Amino acid sequence: MPDKHLSSQFDSELNSVSARVMEMGGLVESQIRQAVYALSQFSLEAVETVASMETRINAMEVEIDQELSSIIARRQPTARDLRLLLAFSKATANLERMGDEANKMARMVRSIIESGAPRSLPSSDLRTAAELASGLLRKTLDAFARLDVKAAVAILKEDDLIDKEFDGFVRKLITYMMEDPRTISPSLDLLFLAKAIERIGDHSKNVAELIIYLVKGKDVRHTALDEIESAVL
């Protein structure tokens with residue numbers, strides 16, 4: 001990913017950090033897939049797998065952060081190099097939070113299983129949104145590895161779809177709860193699941209915005225999508 005520098009050792013350090021970020025991203029993606037499987041199959045085994053991966057993901061964030069701090073202290077980078085290192089740091093923070101959301105999903109699935117909640121609730125709709133979020137993370141990691149601005153903009157658009165899925169799902173849950181008060185408790189579990197999925201999409205969007213900032217030097221947070229397209233493409 002990084003450009004070549006006069007110091008081959010600096011290049012090696014940047015490539016090492018980049019590889020570690022991609023490794024962490026792959027682990028988070030696997031964790032999310034396990035959370036989706038736990039939801040689709042109501043699998044306690046998958047729930048336990050998600051929880052066990054959380055410790056490793058948290059440790060990786062700390063390790064990468066320490067490595068970045070060491071590089072900044074020793075190399076005192078400027079301009080694009082500094083932006084790159086800060087982007088690595090922010091990307092790992094977003095990945096760690098995605099892992100947290102996957103863990104929340106697993107906890108909610110456990111709650112649904114242990115409560116014996118009715119499975120007539122619209123959990124299949126939620127699985128669709130979860131698969132969208134998992135796929136979005138995969139595209140985000142690929143775009144980050146290639147610093148692909150066009151792909152980053154596409155990711156911002158796709159996150160809007162996940163947000164719309166969330167809004168529609170909330171409306172459907174409200175209908176279920178109004179028609180049958182007995183579904184209120186499991187519906188709330190599903191609502192928290194839906195919010196966790198939406199947040200995974202939001203964190204992917206954050207990383208996509210980092211790509212645009214790194215390549216174009218433009219901070220596009222809080223900017224309308226059509227304005228972003230015209231400004232960076």
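These numbers come from a predicted model, not from an experiment.
Rounding to the nearest 0.5 angstrom, the gap separating the CD1 atom in Ile174 from the OG atom in Ser187 is 10.0 Å. Atoms CG and CD, on Leu14 and Gln9 in that order, are 10.0 Å from each other to the nearest 0.5 Å. Summarising the geometry, atom CD1 belonging to Ile197 is positioned 6.0 Å from atom CG belonging to Leu193; distances are rounded to the nearest 0.5 Å. The CE atom of Met108 sits 14.5 Å away from the NZ atom of Lys195 when rounded to the nearest 0.5 Å. A distance of 14.5 Å separates OG in Ser134 from CZ in Arg127, rounded to the nearest 0.5 Å. Once rounded to the nearest 0.5 Å, the distance linking NZ of Lys90 with CD of Glu209 reads 10.5 Å.
Applying the side chain to side chain contact (heavy atoms under 4.5 Å, CB included) rule to Lys150 yields the partners Asp148, Leu233; only residues at least two apart in sequence or on another chain are considered. Residues that satisfy the side chain to side chain contact (heavy atoms under 4.5 Å, CB included) test with Asp65, not counting sequence neighbours, are Ser69, Ser89. Every side chain to side chain contact (heavy atoms under 4.5 Å, CB included) that Arg56 has, sequence neighbours left out, goes to Arg20, Leu27, Ala59, Met60, Glu63. Partners of Ala93 by side chain to side chain contact (heavy atoms under 4.5 Å, CB included), not counting sequence neighbours, listed by chain and number: Glu61, Arg97.
In summary, Arg75 and Glu13 engage in a salt bridge, as defined by a charged side-chain N under 4.0 Å from a carboxylate O. Taking a cutoff of 4.0 Å between a charged side-chain nitrogen and a carboxylate oxygen, Arg146 and Asp142 qualify as a salt bridge. With respect to Glu158 and Lys205, no salt bridge is recorded, no charged nitrogen being found less than 4.0 Å from a carboxylate O. Salt-bridge check for Arg110 with Glu114: passed, with a basic side-chain N closer than 4.0 Å to an acidic carboxylate O.
Considering every non-hydrogen atom in both Asp189 and Ser111, the closest pair reads OD2-OG, 3.1 Å. Taking each heavy atom of Thr223 and Ile228 in turn, the nearest pair found is O-CD1, 3.5 Å. Minimum heavy-atom separation, Ile200 to Ala133: CG2-CB, 4.0 Å. Of all heavy-atom pairs between Ala152 and Ala143, the closest is N-CB, 4.5 Å. Shown here for Leu210 and Ala87, the closest heavy-atom pair between the two residues is CD1-O, 3.7 Å. Heavy atoms only, all atoms of each residue included: Ala130 and Val36 are closest at CB-CG2, 3.5 Å.
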Between Glu96 and Asp100, does a side chain to side chain contact (heavy atoms under 4.5 Å, CB included) hold up when you go through it step by step? CA-CA 6 Å; Glu96 190 274 334; Asp100 287 345; 3.1 Å; yes

Check the pair Arg171 / Thr175 against side-chain hydrogen bond (donor to acceptor under 3.5 Å, both in side chains), numbers first and verdict last. CA-CA 6 Å; Arg171 288 194 295 270; Thr175 300; over 6 Å; no

Please walk me through it: do Ile57 and Leu95 pass side chain to side chain contact (heavy atoms under 4.5 Å, CB included)? CA-CA 9 Å; Ile57 290 168; Leu95 288 170; over 6 Å; no

Starting from the C-alpha separation in whole Å, work towards a yes-or-no answer on side chain to side chain contact (heavy atoms under 4.5 Å, CB included) for Phe144 and Met22. CA-CA 9 Å; Phe144 192 73; Met22 291 301 108; 3.4 Å; yes

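At distances below 3.5 Å, not a single donor-acceptor pair connects side-chain atoms of Asn103 with backbone N or O atoms of Gly99. At distances below 3.5 Å, not a single donor-acceptor pair connects side-chain atoms of Ser43 with backbone N or O atoms of Leu39. Within the 3.5 Å criterion, the main-chain N or O of Gly26 finds a donor-acceptor partner in the side chain of Ser30. Panel note: side chain Gln31, backbone Val50; a donor-acceptor pair is recorded below 3.5 Å.
Exactly one of Asp159, Thr140, Asn94 qualifies for a side-chain hydrogen bond (donor to acceptor under 3.5 Å, both in side chains) with Asn206. That residue is Asn94.
Cluster partners of Leu132, by chain and number: Leu136, Ile155, Ile162. The rule joins Ile, Leu, Val, Met, Phe, Trp and Tyr whenever side-chain heavy atoms lie under 4.5 Å apart. Here Tyr37 sits alone; no ILVMFWY side chain lies under 4.5 Å from its own, so it joins no hydrophobic cluster.
Under the 4.5 Å side-chain heavy-atom criterion for grouping Ile, Leu, Val, Met, Phe, Trp and Tyr, Phe88 is not connected to Tyr213 through any hydrophobic cluster. No chain of hydrophobic side-chain contacts below 4.5 Å, direct or via other Ile, Leu, Val, Met, Phe, Trp or Tyr residues, connects Val62 to Leu85. In the hydrophobic clustering of this structure, Ile64 groups with Val28; members are Ile, Leu, Val, Met, Phe, Trp, Tyr whose side-chain heavy atoms approach within less than 4.5 Å, directly or through other members. Residues Ile184 and Phe169 share a hydrophobic cluster, clusters being chains of Ile/Leu/Val/Met/Phe/Trp/Tyr side chains in contact below 4.5 Å. Both Leu225 and Phe166 are members of a single hydrophobic cluster when ILVMFWY side chains are connected at heavy-atom separations under 4.5 Å.
Considering only heavy atoms from C-beta on, Leu84 stays 4.5 Å or farther from Val17 through its side chain. Met98 places none of its side-chain heavy atoms less than 4.5 Å from the side chain of Arg199. Residues Pro77 and Arg83 are not in side-chain contact: their nearest non-hydrogen atoms beyond the backbone lie 4.5 Å or more apart.
Residue Arg221 places its CZ atom among 12 or fewer non-hydrogen atoms of other residues, nucleotides or ligands, all under 6.0 Å distant.
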